[in-house]
Amino acid sequence: ELIQDTSRPPLEYVKGVPLIKYFAEALGPLQSFRARPDDLLISTYPKSGTTWVSQILDMIYQGGDLEKCRRAPIFMRVPFLEFKVPGIPSGMETLKDTPAPRLLKTHLPLALLPQTLLDQKVKVRLGPLPLQVFYVDVAVSYYHFYLMAKVHPDPGTWDSFLEKFMAGEVSYGSWYQHVQEWWELSHTHPVLLPLLRRHERASAPQNPKREIRKILEFVGRSLPEETVDLMVQHTSFKEMKKDPMANYTTVPQELMDHSISPFMRKGMAGDWKTTFTVAQNECFDADYAEKMAGCSLSFRSEL
């Protein structure tokens, strides 16, 4: 029954944004959500380091206590606001049992975000913000996620999925729009944008301790040096990939089939080179240059 209920429904459009069918249904109840001043929102485009940032922040909020971080899967520790699928508590239901100060997660573009989050000027920590090379990897990673997470429509061939990705016809819509509108919001709201070095991995930068310190400063907390070192170790891709509280293996196979592709696949940039043809890469570069041409966001090659 669960398979019949959830398997490969078509996307539903809300205010012009394509969403997973069940997530679109969650937007109505989400309007009753009330943000608190001490909430912290983790906002990313899908497959852009969300789980890594969530794990870091939960460890910070738990004072580096590993046992407390193993109290539940990451999607229960950091409620996913628009999450809703048959058989699993929704993001709003999980939120009811989440004590303050709360960590929240969303992939929603601004047009669909509850206004209360903007009115309260809730702090926002974006996941690792991809440079163009990371954007290429996001597309590949998203394709594999579509394959294994059966709440998505069938992605079809890689070639057809890539065309839909560039056109913004995948769940959550345009990557370009998502990045640009959150960048503009950072001019008026407390948004931390991590601009990574050009050759760093989107999901695990080469200097994770530096990134953790940035996050600590952003949330106004401090931890002993040995605790930060412990966090570096336990938020590494290698450790999280084998941690059932972080790798989504607790989700029923009917929803996420890890035999098709693990949720945490490779955790590094460059996988696109084994997937893209030369023609696809040239098309992708031209599309990126055109759609990001008017954006004032400039990525640095060095920090």
Side-chain angles (χ1 to χ4, degrees), residues 2 5-6 9-48 50-51 53-54 57-58 61 72-127 142 145-146 149-153 168-175 177-182 184-186 188-191 248 251-252 255-256:
L2 183 61
D5 281 349
T6 61
L11 297 178
E12 289 193 6
Y13 281 74
V14 181
K15 295 184 180 180
V17 180
L19 291 176
I20 292 168
K21 174 183 182 292
Y22 307 104
F23 292 13
E25 294 170 355
L27 293 189
L30 188 55
Q31 299 313 305
S32 65
F33 167 71
R34 292 292 174 264
R36 300 170 181 167
D38 59 353
D39 285 342
L40 190 142
L41 180 67
I42 302 165
S43 174
T44 62
Y45 192 81
K47 307 309 294 179
S48 300
T50 328
T51 305
V53 173
S54 297
L57 278 162
D58 186 52
Y61 275 40
I74 190 68
F75 55 86
M76 301 293 288
R77 290 180 276 141
V78 182
F80 185 4
L81 290 180
E82 66 270 23
F83 178 80
K84 179 181 179 291
V85 294
I88 297 180
S90 70
M92 287 293 286
E93 289 169 337
T94 303
L95 198 60
K96 293 176 184 176
D97 300 322
T98 303
R102 304 180 300 186
L103 294 171
L104 314 171
K105 166 190 165 181
T106 188
H107 295 312
L108 291 173
L110 288 183
L112 301 180
L113 200 68
Q115 186 63 36
T116 177
L117 285 163
L118 302 177
D119 292 343
Q120 286 278 9
K121 291 199 172 183
V122 166
K123 281 191 173 183
V124 178
R125 174 51 158 92
L126 299 192
Y142 208 6
F145 187 48
Y146 252 70
K150 297 176 183 178
V151 292
H152 296 103
E169 294 172 359
V170 293
S171 183
Y172 290 104
S174 169
W175 178 92
Q177 180 179 339
H178 191 281
V179 169
Q180 292 184 60
E181 66 185 20
W182 280 102
E184 293 302 324
L185 187 73
S186 71
T188 56
H189 287 67
V191 177
Y248 281 80
V251 174
L255 297 175
M256 284 187 173

Enquirer: Looking at CD1 of I20 and CZ of F83, how far apart are the two atoms once the value is rounded to the nearest 0.5 Å?
Expert: 9.0 Å
Enquirer: Restricting to pairs with a member in residues 9-19, which pass side-chain hydrogen bond (donor to acceptor under 3.5 Å, both in side chains), not counting sequence neighbours?
Expert: none
Enquirer: With under 30° as parallel and over 60° as perpendicular, where do the rings of H178 and W182 fit, or are they tilted in between?
Expert: tilted
Enquirer: Hey, what's the ring geometry for Y142 with Y45, parallel, tilted or perpendicular (30° and 60° as the breaks)?
Expert: perpendicular
Enquirer: State, to 0.1 Å, how close P18 and G168 come at their nearest heavy-atom pair, and which atoms those are.
Expert: CG-O, 3.6 Å
Enquirer: If you take all heavy atoms of P79 and G91, which pair is closest and at what distance?
Expert: CB-O, 3.9 Å
Enquirer: Who are the ring-ring contact (aromatic ring centres under 6.0 Å, His included) partners of F33, not counting sequence neighbours?
Expert: none
Enquirer: Return the CG to CG distance between L30 and L113, rounded to the nearest 0.5 Å.
Expert: 8.0 Å
Enquirer: Suppose we screen for side-chain contact (heavy atoms from CB on, under 4.5 Å). Which residues come up paired with P29, at least two apart in sequence or across chains?
Expert: none
Enquirer: Using the test side-chain contact (heavy atoms from CB on, under 4.5 Å), find all partners of S174 that sit at least two apart in sequence or belong to another chain.
Expert: Y176, Q177
Enquirer: Would L19 and L112 count as a side chain to side chain contact (heavy atoms under 4.5 Å, CB included) here? Give the steps.
Expert: CA-CA 11 Å; L19 291 176; L112 301 180; 3.8 Å; yes
Enquirer: Taking side-chain contact (heavy atoms from CB on, under 4.5 Å) as the test, write out the residues that go with P10, two or more places apart.
Expert: none
Enquirer: If you measure from CH2 on W175 to CD on Q180, what distance do you get to the nearest 0.5 Å?
Expert: 8.0 Å
Enquirer: Nearest 0.5 Å, please: how far is CG in L57 from CD1 in I42?
Expert: 4.5 Å
Enquirer: So T50 and V78, side chain to side chain contact (heavy atoms under 4.5 Å, CB included) or not? Walk me through it.
Expert: CA-CA 11 Å; T50 328; V78 182; over 6 Å; no
Enquirer: Can a donor-acceptor pair be found, under 3.5 Å and without considering hydrogens, that links the side chain of T98 to the backbone of T94?
Expert: yes
Enquirer: Looking at P9 and P153, what are the two nearest heavy atoms and their distance?
Expert: O-CG, 3.5 Å
Enquirer: Please name all residues satisfying side chain to side chain donor-acceptor pair (under 3.5 Å) with K47, sequence neighbours left out, ordered by chain then number.
Expert: none
Enquirer: Who pairs with E25 by salt bridge (charged side-chain N to carboxylate O under 4.0 Å, His left out), at least two apart in sequence or on another chain?
Expert: K21, K84
Enquirer: Less than 3.5 Å apart, which donor and acceptor atoms pair up between the side chains of residues 102-111 and the rest of the protein, not counting sequence neighbours?
Expert:
| residue | atom | partner | partner atom | Å |
| --- | --- | --- | --- | --- |
| R102 | NE | D39 | OD1 | 2.9 |
| R102 | NH2 | R34 | O | 3.3 |
| R102 | NH2 | D39 | OD1 | 3.4 |
| R102 | NH2 | D39 | OD2 | 2.8 |
| K105 | NZ | Y248 | OH | 3.4 |
| T106 | OG1 | E82 | OE1 | 2.9 |
| T106 | OG1 | E82 | OE2 | 3.4 |
| T106 | OG1 | L108 | N | 3.0 |
| H107 | ND1 | T44 | O | 2.8 |
| H107 | ND1 | T44 | OG1 | 3.1 |

Enquirer: Do V191 and S43 come close enough that some side-chain heavy atom pair is under 4.5 Å?
Expert: no
Enquirer: Only counting residues at least two apart or in another chain, list the ones meeting side-chain contact (heavy atoms from CB on, under 4.5 Å) with P73.
Expert: F75, M76, M245, T250
Enquirer: Does any N or O in the side chain of H152 come within less than 3.5 Å of the main-chain N or O of S171, such that one atom is a donor and the other an acceptor?
Expert: no
Enquirer: What pairs meet the side-chain hydrogen bond (donor to acceptor under 3.5 Å, both in side chains) rule with one or both residues in residues 72-81, with sequence neighbours excluded?
Expert: Q55-R77, D58-R77
Enquirer: Among residues at least two apart in sequence or on other chains, which ones pass side chain to side chain donor-acceptor pair (under 3.5 Å) with D97?
Expert: none
